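One structure is given below, encoded as structure tokens.
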Amino acid sequence: MRLVCLSTKRKVVSCAVFFSVLMVTHHYLFYEPPGYICPYFRGRLGNLMFIYASVYGIAKSKGMVLVVDTYDLIRTVFPNLNALAIDSAFDFCNSSRLVYERRACAYDIDTMQFDNKKNTTLKAYLQSWKYFKDVEKEIRRQFVFKQEVQDKAQAIINNYTREYIQHSNISNNLQIVGVHIRRGDYLKPGKVAFGYKVATKSYLYKAFKVFRSKFKNCLFLIFTAPNRVDLKWRKYHMNGSDVINVDANEPDVDMCALSKCNHTIITVGSFGWWSAWLNQGMTIYYSDVVQPNSYLSRDFSNDMKDYFPSSWIGMQ
């Protein structure tokens with residue numbers, strides 16, 4: 001098509017308007033909407049939270065639409081997720097292109113180098129806070145437990161705190177420190193061979209000492225999974241006048257309770273990680289979580305700062 005613009009002022013203006021309309025029409029005719037991005041959920045609550053938060057951050061950075069299934073477990077725990085929920089999302093996402101990660105516990109920008117116009121499923125664990133650091137406030141607004149869970153969690157803290165105050169007569173400026181212990185499944189031969197380690201009792205005693213030296217009055221509430229190995233270990237090793245072992249509850253209730261404490265001490269695993277991240281108080285973590293030169297060690301950055309936030313305190 002050839003267009004001739006006459007030199008009169010009115011004709012030139014009309015020609016310019018025509019070109020503007022033509023360009024806008026051309027834009028909508030050839031505009032490609034952003035693609036959809038699907039998380040590939042696997043594992044338990046802590047893993048699901050990493051996957052959702054990281055894929056959400058990636059979706060935001062690439063201008064894509066995050067899709068989850070209406071009945072995904074994470075939606076039953078956090079009802080305020082800001083993602084497009086559809087029925088049978090698995091069928092929809094299963095037909096999209098798969099993108100994998102190279103390291104599960106480290107930030108890898110290459111994982112994000114894919115065409116945002118194509119529907120994509122990220123089949124990855126994405127356990128690095130750096131994937132969602134730019135949308136942290138949005139994630140915190142979405143990772144809010146149901147009110148009934150919050151009420152149960154607060155009642156746990158109130159009941160154990162009341163019990164401690166009655167027996168110790170100490171209440172002034174009391175700092176509640178939530179402690180999460182995970183050992184059981186990490187002690188299985190296959191896990192040990194892969195490179196997993198568990199926190200030692202000496203680490204926990206050192207962490208207690210840090211809080212006791214920093215605050216005049218502390219109460220340590222010890223949470224652990226309801227398995228025989230961990231419960232037995234906790235019974236014999238976690239004792240003291242300012243230590244209380246908390247009865248096990250549903251995972252979301254325990255995580256919510258840990259997040260409502262003033263501070264946290266965590267050992268290993270994504271459940272404790274997220275309990276501390278939601279808490280926002282002072283956090284001490286076990287830094288010796290991986291056997292050197294093991295298969296698992298390849299999943300982390302050398303300094304592990306892609307996994308553990310720099311504001312947390314690492315100890316062994």
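Just so it is clear, the model here is predicted, and its values are computed rather than measured.
- Judged purely by atom type and a 3.5 angstrom limit, Lys305 has no side-chain atom pairing as donor or acceptor with the backbone of Ser310.
- A salt bridge does not link Arg103 to Asp299: none of the charged side-chain nitrogens sits closer than 4.0 Å to a carboxylate oxygen.
- Between Arg97 and Asp115 there is no salt bridge, since none of the side-chain N atoms of the basic residue sits less than 4.0 Å from a carboxylate O of the acidic one.
- Side-chain atoms of Asn239 come within 3.5 Å of backbone N or O of Lys235 as a donor-acceptor pair.
- Between Tyr285 and Trp312, the two ring planes are tilted [angle within 30° to 60°].
- A salt bridge between Arg182 and Asp230 is absent, with no side-chain N of the basic residue lying under 4.0 Å from a carboxylate O of the acidic one.
- Aromatic ring pairs are classed by plane angle as parallel below 30°, tilted from 30° to 60° and perpendicular above 60°; the pair Phe208 and Tyr205 is tilted.
- Closest approach of Thr267 to Ile181, counting heavy atoms only: OG1-CA, 3.5 Å.
- In terms of modelled atom types and a separation under 3.5 Å, the side chain of Ser259 and the main chain of Asn279 share no donor-acceptor contact.
- Listed for the Gln175 side chain is no donor-acceptor partner under 3.5 Å among the backbone atoms of Leu219.
- Using a 4.5 Å cut-off on side-chain heavy atoms (C-beta onward), Asp247 and Tyr160 make contact.
- Cation-pi contact between Lys123 and Tyr100: absent, since separation from the ring centre below 6.0 Å together with deviation from the ring axis within 45° is not met.
- Ring-centre distance between Phe50 and Trp273: below the 6.0 Å cut-off.
- Between Phe143 and Trp274, the angle of the ring planes goes over 60°, which puts this pair in the perpendicular group of the 30/60° scheme.
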For a salt bridge (Lys or Arg N to Asp or Glu O under 4.0 Å) check, start with the C-alpha distance between Lys60 and Asp134, then their side-chain angles and the critical distance, and finish with the verdict.
CA-CA 9 Å; Lys60 280 285 187 175; Asp134 293 332; over 6 Å; no

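- Within the 3.5 Å criterion, the main-chain N or O of Val177 finds no donor-acceptor partner in the side chain of Asn262.
- Formation of a donor-acceptor pair under 3.5 Å by the Lys260 side chain with backbone atoms of Ala153 is not found in this model.
- Of the possible donor and acceptor atoms, one in the side chain of Tyr131 sits under 3.5 Å from a partner among the backbone N and O of Asp108.
- Among all heavy-atom pairs drawn from Trp277 and Arg140, the shortest one is O-NH1, 2.8 Å.
- A cation-pi arrangement, defined by a distance under 6.0 Å to the six-membered ring centre and an angle within 45 degrees of its axis, is absent between Lys188 and Tyr196.
- Side-chain rings of Phe78 and Phe145 approach one another, their centers coming within less than 6.0 Å.
- Scanning both residues, Thr264 and Ala276, for their nearest heavy atoms gives OG1-CB, 3.5 Å.
- For the pair Tyr286 and Ala199, the tightest heavy-atom approach, listed with the atom from each and the gap, is CE2-CA, 3.5 Å.
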